[in-house]
Asker: 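My questions all concern the structure below.
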Amino acid sequence: MESDVNRRDALKLGAGVGAGAVLPALAQGQQTEEGIESADPRLKPIPRVRVGMVGIGGRGFHLLRLLLGQPHVEVKAVCDLLEDRCQLAQKATVSAGQQKPDAYFPDDRAFEKLCERDDLDLVVTATPWRWHVPVCVAAMKNGHHAATEVPAAVTLDECWQMVETAEQTGRHCVMLENCCYGRTEMMVLNMVRQGLLGELIHGEAGYMHELREDRELLGADQEVRWRLEHMIHRDGNLYPTHGLGPVAQCMNINRGDQFDYLVSMSSLSRGLNVHYASRFGAKHPLATRKYKLGDVNTTMIRTKLGRTITVGHDTQLPRPYTRINMVQGTHGIVQGYPDQIALESNSHGHSWEPIDKFQSKYEHPLWKKLIKEAQGKGHGGMDFMEIHRLIECLTSGTEPDMDVYDAAAWSAIADLSERSVAKRSQTIDVPDFTRGRWKKNRPLGIIGG
Ligand SMILES: NC(=O)c1ccc[n+]([C@@H]2O[C@H](COP(=O)([O-])OP(=O)(O)OC[C@H]3O[C@@H](n4cnc5c(N)ncnc54)[C@H](O)[C@@H]3O)[C@@H](O)[C@H]2O)c1
């Protein structure tokens, strides 16, 4: 089993990066102070970030508007399969006072032409999952930084491809995990960094989000859309990064600790059949067909330092939303939905208190500074915060808060969980994408504080 997962196919990079252009492995954890020159080509400040945007669906359009709201961003090109989505993006860009961006459509490789432009700094991807890595790789091979929606990759091979391309081209590849910028998540990171919870021992995370009515599943004519395809053909923890990202940051994954191995188990699958039967009738093909994805998946990860993390995935049964957001240490525990905390120093940790009580002391500095600007700008403001930080890091020449190793390690949990589920919950090793550098990498600070 181990050898299967840790086997790394030799990746052949395309003509854009010849053997002579291969850069030394990137130095990790060398976060520079603003204004200080760095030898790392990834950390050259970009005064005005010229963006190409690929995938202008619900999420892509939202990201585009957030990008247009940033003072140091210029949107130069947009791409989608659909011309009308490109036109919408062009219109929004012109309304924001910028030149009309060039549009690339209609085939699913049109993004390659966009990436070939030499007047871009950053390509942002909000396509369906299967295109994230192809777009990021094309961007990096053409010398642009890449940012992708979640999960960054579907397969383990794609994770390696992303890591190796970032290393060989010397470009950033950032996964836009907006949940790491939630107000509570950032306050908890701040609490953890200040030692309030003691040494971290355990975390619980999840994506527990009823998606049965979601438009990513079915089109207007009941055609199966991209996300439902994944539910038909895959069984595991398909969307791990929203819950896992913030916990992984608290636990210094890739920067002092590392995922070691996991086991994963899925329940039977009933939710979609029952739902479509009640919506379209018991004989409807959507009600009678087989869906591979178990209704509830539970994945357990153990880290090299011996911490444990559970990651849930639960999208096809009726239920309220939660990402759980639990971290537990030697001095206390925090959990979300509702946000609450129990500390040994208060009632021996036997009763919960609302986390708001601690807000004045532990509110994250970024939220203190930008709370008014963030208001109303996506998922309680965290979407604004992630785009603000991405652009701030690029313009100031600092290391982004999430790097390609985070993108790979967090996204890989999906593929690895599928492998475990397929083998009666067998133990599966998590590859070390940093190739040992996690032991020396400096822990992430409190992010932009
Ligand atoms: N971070 C978040 O909170 C969040 C929320 C929603 C969606 N997402 C992620 O955003 C991504 C997009 O989700 P969505 O809801 O916008 O989906 P969507 O189906 O609404 O939009 C996808 C768009 O990509 C276009 N597209 C498909 N293949 C393409 C290709 N090869 N080249 C260019 N364009 C292509 C489609 O035409 C469509 O306009 C997914 O990865 C999803 O997981 C993240």
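Ligands are counted one by one from 1 in listed order, and the atoms in each one are counted from 1 as well. Numbers here are sequence positions counted from 1. Please read these numbers as outputs of a predicted model, since none were measured by experiment.
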Asker: Looking only at protein heavy atoms, identify the closest one to atom 21 (O) of ligand 1 and say how far it is in Å.
Answerer: Gly57 CA, 3.2 Å
Asker: Heavy atoms only: which of Val54, Thr127, Asp383, Asp80 is nearest to atom 39 (O) of ligand 1?
Answerer: Asp80
Asker: Any chance the side chains of Tyr405 and Arg437 put a donor and an acceptor closer than 3.5 Å?
Answerer: yes
Asker: Would you please say whether a donor-acceptor pair under 3.5 Å links the side chains of Thr155 and Asp157?
Answerer: no
Asker: Quick check on contacts: which atoms of ligand 1 are under 4.0 angstrom from a heavy atom of Asp108?
Answerer: 31 (N)
Asker: Numbering the atoms of ligand 1 from 1, which are under 4.0 Å from a heavy atom of His242?
Answerer: 1 (N), 2 (C), 3 (O)
Asker: Which residue and atom name correspond to the protein heavy atom nearest atom 19 (O) of ligand 1, and how close is it?
Answerer: Arg225 NH2, 2.7 Å
Asker: Quick one about Asn441 and Asn254 (side-chain donor to acceptor, distance below 3.5 Å, no hydrogens or angles considered), yes or no?
Answerer: no
Asker: Go through the side-chain N and O atoms of Ser266 and Asp235 and say whether any donor and acceptor fall under 3.5 Å apart.
Answerer: yes
Asker: Nearest non-hydrogen contact with atom 24 (O) of ligand 1 belongs to which option: Gly219, Gly60, Pro128, Gly58?
Answerer: Pro128
Asker: Test your reading of the structure: does Arg109 have an N or O sitting under 3.5 Å from an N or O of ligand 1?
Answerer: no
Asker: Would you mind running through ligand 1 and noting each atom that sits below 4.0 Å from a heavy atom of His132?
Answerer: 41 (O)
Asker: Which ligand 1 atoms, with their elements, are less than 4.0 angstrom from a heavy-atom of Tyr239?
Answerer: 4 (C), 8 (N), 43 (O), 44 (C)
Asker: Heavy atoms only, cut-off 4.0 Å: how does Glu149 contact ligand 1, side chain, backbone, both, or neither?
Answerer: side chain
Asker: Below a 4.0 angstrom heavy-atom separation, can you tell me which part of Asn178, side chain or backbone, both or neither, approaches ligand 1?
Answerer: side chain
Asker: Verify whether one side chain among Glu373 and His388 offers a donor that lies under 3.5 Å from an acceptor in the other.
Answerer: no
Asker: With atoms numbered from 1 as shown, which atoms in ligand 1 lie under 4.0 angstrom from a non-hydrogen atom of His379?
Answerer: 3 (O)
Asker: Work out whether the distance between some heavy atom of Trp226 and some atom of ligand 1 is less than 4.0 Å.
Answerer: yes
Asker: Going by heavy atoms, is Glu177 under 4.0 Å from ligand 1?
Answerer: no
Asker: Over 60° means perpendicular and under 30° means parallel, so classify the ring planes of Tyr291 and Tyr276, tilted if in between.
Answerer: tilted
Asker: Hydrogens and angles aside, do Ser420 and Gln426 bring a side-chain donor and acceptor to less than 3.5 Å of each other?
Answerer: no
Asker: Just heavy atoms, cut-off under 4.0 Å: does Glu216 contact ligand 1 by side chain, backbone, both, or neither?
Answerer: side chain
Asker: Does the side chain of Ser417 come under 3.5 Å of the side chain of Asp415 through a donor N or O and an acceptor N or O?
Answerer: no
Asker: Check whether any N or O atom of Arg215, backbone or side chain, sits under 3.5 Å from an N or O atom of ligand 1, and answer yes or no.
Answerer: yes
Asker: Considering the heavy atoms of Ala126, write down every atom of ligand 1 situated less than 4.0 Å from one of them.
Answerer: 11 (C), 12 (C), 22 (C)
Asker: Check whether the side chains of Thr148 and Thr125 place a donor and an acceptor atom closer than 3.5 Å, and report yes or no.
Answerer: no
Asker: Need the ligand 1 atom indices (1-based, order shown) with element for anything under 4.0 Å from a heavy-atom of Ile56.
Answerer: 39 (O)
Asker: Do ligand 1 and Arg59 have nitrogen or oxygen atoms that lie under 3.5 Å from each other?
Answerer: yes
Asker: Note the single closest protein heavy atom to atom 30 (C) of ligand 1, along with its residue, its atom name and the distance in Å.
Answerer: Leu81 CD2, 3.8 Å
Asker: Just checking, Arg227 and Tyr239: is the charged tip under 6.0 Å from the six-membered ring centre and within 45° of the axis?
Answerer: yes
Asker: Answer yes or no: are there more than 12 heavy-atom neighbours, outside Tyr337 itself, under 6.0 Å from its atom OH?
Answerer: yes
Asker: What are the atoms of ligand 1, with element, lying closer than 4.0 Å to any heavy atom of Val150?
Answerer: 9 (C), 41 (O), 42 (C), 43 (O)
Asker: Establish, from distance only, whether the side-chain atoms of Asn252 and Asp257 form a donor-acceptor pair under 3.5 Å.
Answerer: no
Asker: When Phe384 is tested against each of His379, Arg389, Gln70 for side-chain contact (heavy atoms from CB on, under 4.5 Å), which residue passes?
Answerer: Gln70
